[in-house]
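Index from 1, following the sequence.
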Amino acid sequence: MDSIIFDLDGTIWDPIDTLLNAWNSCIKEHSQIKKELTRTDFEGTMGLQMHEISKKLFPYLTEEVRKQVITECCNTEQGYLKKQGGNLFHNVEDVLRLLSKKYRLYIVSNCQDGYIESFYEFHNLDSYFLDYENPGRTGLSKGENINLIIERNNLSSPIYVGDTEGDLNASRYAGIPFVYAKYGFGQVSEYDEVIEKFDELVNLY
């Protein structure tokens with residue numbers, strides 16, 4: 001094992017409170033949307049790509065209006081994240097510091113372009129990660145983006161740490177071991193290793 005590739009939401013941090021503030025401030029401007037979003041709404045979308053999230057949250061809107069709403073919400077949330085950040089899971093920076101001494105660290109998340117940069121900017125954790133990828137930049141699936149990171153950085157034996165079935169499927173697609181972050185937002189059908197807390201990674205690796 002030479003490297004660890006991380007999911008972001010539900011694995012390294014919980015950004016939902018900040019995202020709710022951002023998105024609800026946006027959707028007030030759209031009369032077709034009758035109710036504010038809740039934490040439960042967001043938890044059900046973690047790990048999905050943006051077009052899937054928009055269909056799940058706003059199934060009653062036309063595709064054209066959905067695209068407009070999602071674009072506005074994503075642009076707004078980046079400003080909120082840069083100023084407010086999210087809730088890092090326990091001991092994240094200490095764990096990343098220790099792991100980065102032994103392994104090369106990366107992020108692959110199903111987010112829009114600019115989202116990981118906003119995470120880096122508020123929490124100042126970019127120095128621990130050597131590269132990152134997302135469908136907002138590439139238009140590819142999570143599994144394909146994991147493969148991009150592997151190829152671009154000449155990784156020989158990486159693992160992927162994530163919290164959803166989509167993360168499991170992406171790991172299987174890339175042919176690498178999957179570590180299930182059980183404390184996150186999702187449930188999975190199988191895994192190669194499991195952690196109950198982020199800092200258990202130090203004990204495993």
Is there a path from [X] to [Y] through hydrophobic residues (I, L, V, M, F, W, Y) whose side chains come within less than 4.5 Å of each other?
| X | Y | answer |
| --- | --- | --- |
| Leu125 | Val161 | yes |
| Ile116 | Met46 | yes |
| Tyr191 | Ile4 | no |
| Tyr120 | Ile149 | no |
| Leu148 | Tyr173 | no |

With rounding to the nearest 0.5 angstrom, report the [atom1] to [atom2] distance, [X] to [Y].
| X | Y | atom1 | atom2 | result |
| --- | --- | --- | --- | --- |
| Asp113 | Arg137 | CG | CZ | 6.5 Å |
| Leu99 | Asp199 | CG | CG | 10.5 Å |
| Asn153 | Glu133 | CG | CD | 10.0 Å |
| Tyr103 | Ile5 | OH | CD1 | 14.0 Å |
| Ile27 | Glu36 | CD1 | CD | 6.5 Å |

Compare all side-chain heavy atoms of [X] with those of [Y] and state whether any distance is below 4.5 angstrom.
| X | Y | value |
| --- | --- | --- |
| Glu77 | Tyr115 | yes |
| Asp192 | Ile159 | no |
| Phe6 | Leu201 | yes |
| Leu19 | Leu81 | yes |
| Ser3 | Leu105 | no |
| Thr76 | Cys73 | no |
| Val95 | Leu98 | no |
| Met1 | Tyr205 | yes |

Measure from the side-chain N and O atoms of [X] to the backbone N and O of [Y], and report whether any donor-acceptor pair falls under 3.5 Å.
| X | Y | result |
| --- | --- | --- |
| Asp41 | Leu37 | no |
| Asn21 | Thr18 | no |
| Glu52 | Gln49 | yes |
| Asn110 | Leu48 | no |
| Asn134 | Gly136 | yes |
| Gln112 | Met50 | no |
| Lys142 | Asp167 | no |
| Glu144 | Ser141 | yes |

Minimum-distance pair of heavy atoms, taken over all atoms of [X] and [Y]:
| X | Y | result |
| --- | --- | --- |
| Asp9 | Pro15 | OD1-CG, 3.4 Å |
| Ala174 | Gly143 | CB-O, 4.2 Å |
| Trp23 | Cys74 | CZ2-SG, 4.5 Å |
| Ile12 | Phe198 | CG1-CE1, 4.1 Å |
| Ile146 | Ser171 | CD1-N, 4.3 Å |

Check: residues 56-63 side-chain donor-acceptor pairs under 3.5 Å, at least two apart:
unit_1 : atom_1 : unit_2 : atom_2 : d
Lys56  : NZ     : Gly44  : O      : 2.8
Thr62  : OG1    : Val65  : N      : 3.2

- Decide side chain to side chain contact (heavy atoms under 4.5 Å, CB included) for Ile176 and Ile150; before the verdict, give the C-alpha distance in whole Å, the side-chain angles of both, and the deciding distance to 0.1 Å. CA-CA 10 Å; Ile176 63 174; Ile150 292 170; 4.0 Å; yes

Can [X] and [Y] be counted as having a side-chain donor-acceptor contact under 3.5 angstrom?
| X | Y | result |
| --- | --- | --- |
| Ser118 | Glu121 | no |
| Asn87 | Asp14 | no |
| Glu117 | Gln78 | no |
| His30 | Gln68 | no |
| Ser189 | Glu165 | yes |
| Ser156 | Asp2 | yes |

- Item | Criterion side-chain hydrogen bond (donor to acceptor under 3.5 Å, both in side chains) on Tyr132 and Asn145, from CA distance to verdict | CA-CA 9 Å; Tyr132 63 92; Asn145 282 326; over 6 Å; no

- Task: Report the C-alpha distance between Val108 and Asp7 in whole Å, list the side-chain angles of each, state the deciding distance to 0.1 Å, and finish with yes or no for side chain to side chain contact (heavy atoms under 4.5 Å, CB included).
- Result: CA-CA 5 Å; Val108 172; Asp7 170 52; over 6 Å; no

- Query: What residues, two or more places apart in sequence or in another chain, satisfy ring-ring contact (aromatic ring centres under 6.0 Å, His included) together with Tyr160?
  - Reply: none

- Evaluate whether atom CZ of Phe89 has more than 12 neighbouring non-hydrogen atoms of other residues, nucleotides or ligands under 6.0 angstrom away. yes

Sequence neighbours left out, cut at 3.5 Å: what donor-acceptor pairs do the side chains of residues 179-188 make with other protein atoms?
unit_1 : atom_1 : unit_2 : atom_2 : d
Tyr180 : OH     : Gly186 : O      : 2.8
Tyr183 : OH     : Thr11  : O      : 2.6

- Do the charged groups of Arg172 and Glu190 touch, with an N to O distance under 4.0 Å? yes

- Phe129 six-ring face occupied by Arg104 cation (under 6.0 Å, within 45°): no

- In sequence, state the C-alpha distance, the side-chain angles, and the governing distance for Glu93 and Tyr128, and then conclude on side-chain hydrogen bond (donor to acceptor under 3.5 Å, both in side chains). CA-CA 9 Å; Glu93 184 160 11; Tyr128 299 110; 3.1 Å; yes

- Message: Measuring centre to centre across the rings, with the benzene-like ring taken for any Trp, is Trp13 within less than 6.0 Å of Phe119?
- Response: yes

